[in-house]
Amino acid sequence: MLTIADISKSYGTRELFSEVSLFVARTDRFGLVGPNGAGKSTLFNLILGEESPDEGTITWERGADFGFLPQESAPAGNETILHLATSGKKLMPTDDEDYDIDWTLEPRAKKILAGLGFREGDHDKPANTFSGGWVMRAHLARLLVSEPAQLLLDEPTNHLDLEALIWFQEYLTRYPGGLLVISHDRAFLNALCNGMLELRGGSLHRYTGNYDDFLIEKEARKTQQASVFKNQQREIAHLQKFVDRFGAKASMASRAKSKEKQIERLKDEAVEEPVEELKRMNFRFPQPPRSGLKVITLDHVQQAYGDHVVYRDLNFQVERGQRIVLVGPNGAGKSTLLKILGDVIPIQGGTRELGSSVIPGYFAQNRTDTLNVAATVFENVMELRTEANQLTEQRARTILAAFLFRKDDVFKRVSVLSGGEKSRLALARLLVDPPNFLLMDEPTTHLDIASIDALVHALKQFEGTLVFISHDVYFIRALASQVLHVHAGRLTTYAGDYDYYLDKSKATNERAALTAGFTDARPVQIAAVKVAAAPKPVAGPKLSAGEIRKLRTEVGKLEEAVAALEAKQTELAGQLESPESYTIAGRAQQLNRELSAVTDQIQQATQAWEEAEKRLEEAAPSSG
């Protein structure tokens, strides 16, 4: 279908790739990977004819058609969403003799639009009234409706929520044409690809199998290359030793000359030494100050968007050191909950109370929400300078360098940055004043795989509290120690990691479970827990110094009780994860009952502690 022969491409003195060749058959489903900046999107532009190679040729099979989805900025005009999805083809005859109508086009388009998240009422609305992400979905629908023989997709999952992504992935498994896709989503590549292409060091390397197969084969090739290189260099050194020793002797001159020619031949044929990957993001969060045990408490919170009520009576608490991933159906309120926790949106009812010494940090799904797009990369970091942090230009440059913004890169305007660069800049800003309560909404979007690995490594070392949303199962498995299922305004906690959640929720698919709408009765229903509130202080005489000391003692004992119960909760969760617990009849059920009871006790003890602490705070001024 497609033949790429010895193409090269440079921009000024920078060579992106040289003598790249590839044959793509109709049945090939390739994933194209490589670090940001390696030239993946440029290779697509060359294939599409939007740019020309400096050398070499690109040839499509006669009659072959293809469809392309760019990473960002697909156009939209006054046409309706339905007309955009059907490429403006005729849906109704213009006269009685007009038979050039594909009557399957409209129902097929509506089915695809529904799968990508559009409501029926959206079909007749002008495309230019939708956000950029939804316009991209409409263009994706257009490609799927037209069914070209070859799909070229540049980061197609970036604009999809998880439900649409799962639908899209399943649709592509049945798609009759070929596929060439740039993606940083491991699960997506594993599910769809039968071959991988890696752009690295100016060359294109082809591998058989999906992404996991690629990682194994790549490591094997690297090991083999290192062995061959070592043997060749050893042979060259051995021959060079002979030349150095006998080259000046007349009787050995001819042999020495022969050895020199052999050395030159070996050097010409020698494999290159394996090199480390291109520069990648490498950072760690400076350890923030320790917060109190209670990080944040939401009490009877109400939140709605117009007539749509998201939360009616939300009660939720986050405690120090927890690593919680939010899962649940699209529109269930996960991002809203994260914004409430981060004080990004005001609550409409109830209370939001931060614990002592808590420093929140919010990482938005839409990176531009927290970036100044009119300013430069450097200015976006320096604007965070305060009297407290005393941020210097040198420290700002050091932080930016860890996120691959070096030299003149720091003077780029945010408006011209790629999605990956915006994500890296948003992360860099978090390091200026490191939070101890980190809230992240889809942090891996737009990051390449190497950068995702770097982020995982940094967050594993992070000693603060983490609450996040992600559709990357690899990322979730690496970091989450607790799962919070959000559905219909209710929160259900699973006191274990993602595999524990899969087991307890009886989910059949690890990715589909992220958007499941089931309700499991076994875990504690946080929003439904009602505990007897500690008696509120009655207005009266101020407490004496002795009474305040007694109250402080009570607060300390309650905090110790909460800590002991938390330790018990961790112990029980660990036993449930142990295979031995399932070899004794009834043991797992007993542990589940104990874990549920302890979780109830933690909430009751925590509320009693909060009430006591509040009374102490109200009484403390009387001691001064």
Query - Value rounded to 0.5 Å, distance of CZ in F316 from CG in D299 - result: 13.5 Å

Query raised in the report: Any donor-acceptor pair under 3.5 Å linking the side chain of D213 with the backbone of N210?
Result: yes

Query raised in the report: With a 4.5 Å heavy-atom cut-off, do L69 and F44 have their side chains touching?
Result: no

**Report entry** Nearest-0.5 Å distance that lies between atom CD in Q302 and atom CD in Q348
**Finding:** 8.0 Å

Query raised in the report: With a 4.5 Å heavy-atom cut-off, do I345 and T336 have their side chains touching?
Result: yes

Report summary line: In terms of heavy-atom contacts, V135 and A127 come closest through CG2-O, 3.5 Å

Requested in this report: Could you tell me whether the side chain of L391 reaches within less than 4.5 Å of the side chain of V381, counting heavy atoms only?
Outcome: yes

Requested in this report: Classify the side-chain pair H487/R490 by whether it contains a donor and acceptor separated by less than 3.5 Å.
Outcome: no

Query raised in the report: Quick one: ring pair (Phe, Tyr, Trp, His ring centres under 6.0 Å) partners of Y207, sequence neighbours excluded?
Result: F214

Query raised in the report: With A141, which residues qualify under side-chain contact (heavy atoms from CB on, under 4.5 Å), at least two apart?
Result: A85, I112, L113, L116

Report task. Begin from the C-alpha positions of Q303 and K339 and carry the test side-chain contact (heavy atoms from CB on, under 4.5 Å) through to its verdict. Result -> CA-CA 11 Å; Q303 194 69 29; K339 289 175 180 177; over 6 Å; no

Query raised in the report: Which of parallel (below 30°), tilted (30 to 60°) and perpendicular (above 60°) describes Y501 and Y494?
Result: perpendicular

Query - Qualifying residues under side-chain hydrogen bond (donor to acceptor under 3.5 Å, both in side chains), relative to T386, sequence neighbours excluded - result: N389

Report task. Please list, chain by chain and in numerical order, all residues satisfying side-chain hydrogen bond (donor to acceptor under 3.5 Å, both in side chains) with S18, sequence neighbours excluded. Result -> none

Requested in this report: Check the side chains of Q365 and T445 for a donor-acceptor pair under 3.5 angstrom, ignoring hydrogens and angles.
Outcome: no

Report summary line: Sorted by chain and number, sequence neighbours left out, side-chain hydrogen bond (donor to acceptor under 3.5 Å, both in side chains) with R320 holds for none

Report task. Determine, for D499 against R477, whether the closest basic-nitrogen to carboxylate-oxygen distance falls under 4.0 angstrom. Result -> yes

Query raised in the report: Would one find more than 12 heavy atoms of other residues, nucleotides or ligands at under 6.0 Å from atom CZ of R221?
Result: yes

Requested in this report: Mark yes or no for whether K412, through its side chain, and L417, through its backbone, hold a donor-acceptor pair below 3.5 Å.
Outcome: no

Requested in this report: Rounded to the nearest 0.5 Å, what's the gap from CD1 on I182 to CG on D154? Could you check?
Outcome: 4.0 Å

Query raised in the report: Are the side chain of N436 and the backbone of S357 linked by a donor-acceptor contact shorter than 3.5 Å?
Result: yes

Requested in this report: Look up atom CG in L338 and atom CD1 in I324, then write down how far apart they are to the nearest 0.5 Å.
Outcome: 10.5 Å

Report task. Would you check if F462 and P288 make a side-chain contact, meaning some heavy-atom pair closer than 4.5 Å? Result -> yes

Query - Note: R429-E383 ion pair, threshold 4.0 Å (strictly below) - result: yes

Report task. For I359 and D433, run side-chain contact (heavy atoms from CB on, under 4.5 Å): C-alpha distance rounded to whole Å, both residues' side-chain angles, the deciding distance at 0.1 Å, then the answer. Result -> CA-CA 9 Å; I359 307 169; D433 289 307; 5.8 Å; no

Requested in this report: Could you tell me whether a side-chain N or O of Q482 sits under 3.5 Å from a main-chain N or O of T493, the two making a donor and an acceptor?
Outcome: no

Query raised in the report: Under 3.5 Å, is there a donor-acceptor pair between the side chain of K422 and the main chain of S415?
Result: no

Query - pair F17-L204: side-chain heavy atoms closer than 4.5 Å - result: no

Query raised in the report: Step by step, would you call F130 with D122 a side-chain contact (heavy atoms from CB on, under 4.5 Å)?
Result: CA-CA 9 Å; F130 287 78; D122 296 329; 3.8 Å; yes

Query raised in the report: Do the non-hydrogen side-chain atoms of V181 and L189 ever get within less than 4.5 Å of each other?
Result: yes

**Report entry** Partners passing ring pair (Phe, Tyr, Trp, His ring centres under 6.0 Å) against F363 (at least two apart in sequence or in another chain)
**Finding:** none

Query raised in the report: Between CE of M136 and CG of L140, what distance do you get to the nearest 0.5 Å?
Result: 8.0 Å

Query raised in the report: With sequence neighbours left out, what residues match N45 under side-chain hydrogen bond (donor to acceptor under 3.5 Å, both in side chains)?
Result: E51

Query raised in the report: Does the pair H457 and D453 meet the rule for a side-chain contact (heavy atoms from CB on, under 4.5 Å), with working shown?
Result: CA-CA 6 Å; H457 178 75; D453 285 337; over 6 Å; no

Query raised in the report: salt bridge (Lys or Arg N to Asp or Glu O under 4.0 Å): which pairs involve residues 389-399, sequence neighbours left out?
Result: none

Query raised in the report: Would you say D212's side chain and N190's backbone share a donor-acceptor pair under 3.5 angstrom?
Result: no

**Report entry** Considering all heavy atoms, the nearest I81-A138 contact
**Finding:** CD1-CB, 4.0 Å

**Report entry** For V301, side-chain contact (heavy atoms from CB on, under 4.5 Å) partners two or more places apart
**Finding:** L298, L314, I340, I347

Query raised in the report: Does any non-hydrogen side-chain atom of L179 lie less than 4.5 Å from one of L153?
Result: yes

Report summary line: Closest non-hydrogen atoms of F437 and L341, given as atom of the first, atom of the second and distance, are CE2-O, 4.0 Å

Report task. Give the intermediate values and the outcome of side chain to side chain donor-acceptor pair (under 3.5 Å) for residues H446 and E155. Result -> CA-CA 8 Å; H446 295 295; E155 291 289 354; over 6 Å; no

Requested in this report: Check for a donor-acceptor pair, side chain of R323 on one end and backbone N or O of L459 on the other, with a separation under 3.5 Å.
Outcome: yes

Query raised in the report: Has the side chain of T465 got a donor or acceptor atom that lies under 3.5 Å from a matching backbone atom of G321?
Result: yes

**Report entry** For L215, all residues meeting side-chain contact (heavy atoms from CB on, under 4.5 Å), sequence neighbours excluded
**Finding:** Y211

Query raised in the report: How many angstroms lie between atom OG1 of T42 and atom CG of L199, to the nearest 0.5 angstrom?
Result: 9.0 Å

**Report entry** Pairwise side-chain contact, L165 with D185, heavy-atom cut-off 4.5 Å (strictly under)
**Finding:** yes

**Report entry** Selection residues 465-475 - residue pairs positive for salt bridge (Lys or Arg N to Asp or Glu O under 4.0 Å), sequence neighbours left out
**Finding:** none

Query raised in the report: Mind checking what makes side-chain contact (heavy atoms from CB on, under 4.5 Å) contact with L354, not counting sequence neighbours?
Result: I296, R352, V358, P360

